[in-house]
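Proteins get letters first, then strands, A, B, ... in listed order; numbering begins at 1 in each.
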2 protein chains.
Amino acid sequence: MKKFSCGFEVTKEVIGGKWKGLVLYFLMNGPKRTSELKRIVPNITQKMLIQTLRELEDSGLVSRKMYNQVPPKVEYSSTELGESLKPILQELCQWGSHYAEQVYAEGEFEIAQPEEAS
Amino acid sequence: MKKFSCGFEVTKEVIGGKWKGLVLYFLMNGPKRTSELKRIVPNITQKMLIQTLRELEDSGLVSRKMYNQVPPKVEYSSTELGESLKPILQELCQWGSHYAEQVYAEGEFEIAQPEEAS
DNA sequence: CCGTATCCCATTAGATACTG
DNA sequence: CAGTATCTAATGGGATACGG
């Protein structure tokens with residue numbers, strides 16, 4: 001039986017780790033192909049991308065659609081449950097940006113602008 | 001220079017890890033002594049508690065007040081910056097509780113009720 | 001009571017090579 | 001293009017003992 005101290009722990013299990021929150025965040029702007037994600041998520045490796053997507057899928061936040069064609073095409077999108085995290089993810093993002101501006105000195109940090117999906 | 005993909009990464013740096021968010025969450029209900037935190041934060045060790053508090057302090061979310069007396073007394077409280085995370089922390093907590101109820105089967109999980117501070 | 005210092009283990013993630 | 005398999009490196013966190 002899983003034990004948590006509060007709901008916060010649960011959420012952390014779902015979007016914690018190095019990549020899950022970020023990948024989900026990118027999927028909020030619409031479905032993306034694997035290669036596309038690989039391209040727009042900064043520095044993620046193939047292995048971590050797939051692993052991350054599997055975990056998000058298992059948690060029910062992301063769904064995977066496979067097209068049987070050559071070359072292969074797979075598309076990931078956020079589910080309704082995933083979308084329900086959107087406002088929170090946005091707040092976390094805003095808070096962080098605001099925090100960075102207040103706390104870090106100029107030139108001490110940089111927040112990459114998300115590349116637009118094609 | 002620190003590089004982030006988006007503000008979300010920044011926030012994760014600040015309240016990520018195993019304990020930071022949780023400890024901050026407990027401090028939102030008012031200042032606490034070290035021993036008190038040690039008692040109410042489930043399963044945290046002395047080492048991790050202190051380490052976590054230092055990190056929160058360095059991030060400016062928590063302040064530390066020391067009373068010069070015997071026996072020693074130290075009190076931690078959340079700063080204004082820390083308080084600004086309160087609504088988000090609460091949403092994360094609510095989302096997680098709601099998620100757990102939807103996703104886990106009964107008896108498969110448990111969310112501990114936070115013990116009241118003395 | 002509050003905090004520090006080691007030591008050690010488990011988990012997580014990166015690199016690389018390979019398959020359908 | 002999408003995904004798997006292995007191996008290795010790095011980090012984070014737990015146990016424990018000690019000091020002011």
Length of the CD-P vector between Glu13(B) and dT11(D), whole Å: 13 Å
Interatomic spacing from CD1 in Ile50(A) to NZ in Lys38(A) - rounded to 0.5 Å: 10.0 Å
Any Arg33(B) side-chain nitrogen or oxygen under 4.0 Å from OP1 or OP2 of dC2(C): yes
Heavy-atom check, side chain of Ser59(B) versus side chain of Leu56(B), under 4.5 Å: no
Any Tyr76(B) side-chain nitrogen or oxygen under 4.0 Å from OP1 or OP2 of dC2(C): no
In one Ile/Leu/Val/Met/Phe/Trp/Tyr side-chain cluster, 4.5 Å: Trp19(A), Leu49(A): yes
Lys18(A) NZ - dA9(D) P separation (whole Å): 17 Å
Distance, rounded to the nearest Å, where Gln69(B) contributes CD and dC2(C) contributes C1': 12 Å
Of the listed nucleotides dC1(C), dG14(D), dG3(C), the one nearest the side chain of Pro71(B): dC1(C)
Rounded distance (Å) that lies between atom P of dA10(D) and atom CG of Asn43(A): 17 Å
Nearest-angstrom distance from the residue atom CD1 of Ile50(B) to P of dC1(C): 13 Å
Under-4.0 Å side-chain N/O to phosphate OP1/OP2 contact, Thr45(A) with dA13(C): no
5' precedence on DNA chain D between Lys47(A) and Arg64(A) (nearest-nucleotide basis): Arg64(A)
Lys38(A) side chain near dA2(D) phosphate (N/O to OP1/OP2, under 4.0 Å): no
Whole angstrom value for the distance that separates P of dG20(D) from CG of Asn68(B): 16 Å
Of Ile44(A) and Arg54(B), the one whose closest DNA chain C nucleotide lies more 5': Arg54(B)
Side chain to side chain, Ile15(B) and Tyr25(B), heavy atoms closer than 4.5 Å: no
Closest to the Pro72(B) side chain, choosing from dC2(C), dG3(D), dG14(D): dC2(C)
Polar side-chain contact Gln51(B)-dG13(D) base: donor and acceptor under 3.5 Å: no
Rounded distance (Å) that lies between atom P of dG3(D) and atom CG of Leu49(A): 8 Å
Shortest side-chain distance from Gln46(B), nucleotide among dG3(C), dG3(D), dC1(D): dG3(C)
Distance in angstrom units between Met48(A) CE and dA5(D) C1', rounded: 15 Å
Donor-acceptor contact present, side-chain Thr11(B) to main-chain Gly96(A), <3.5 Å: yes
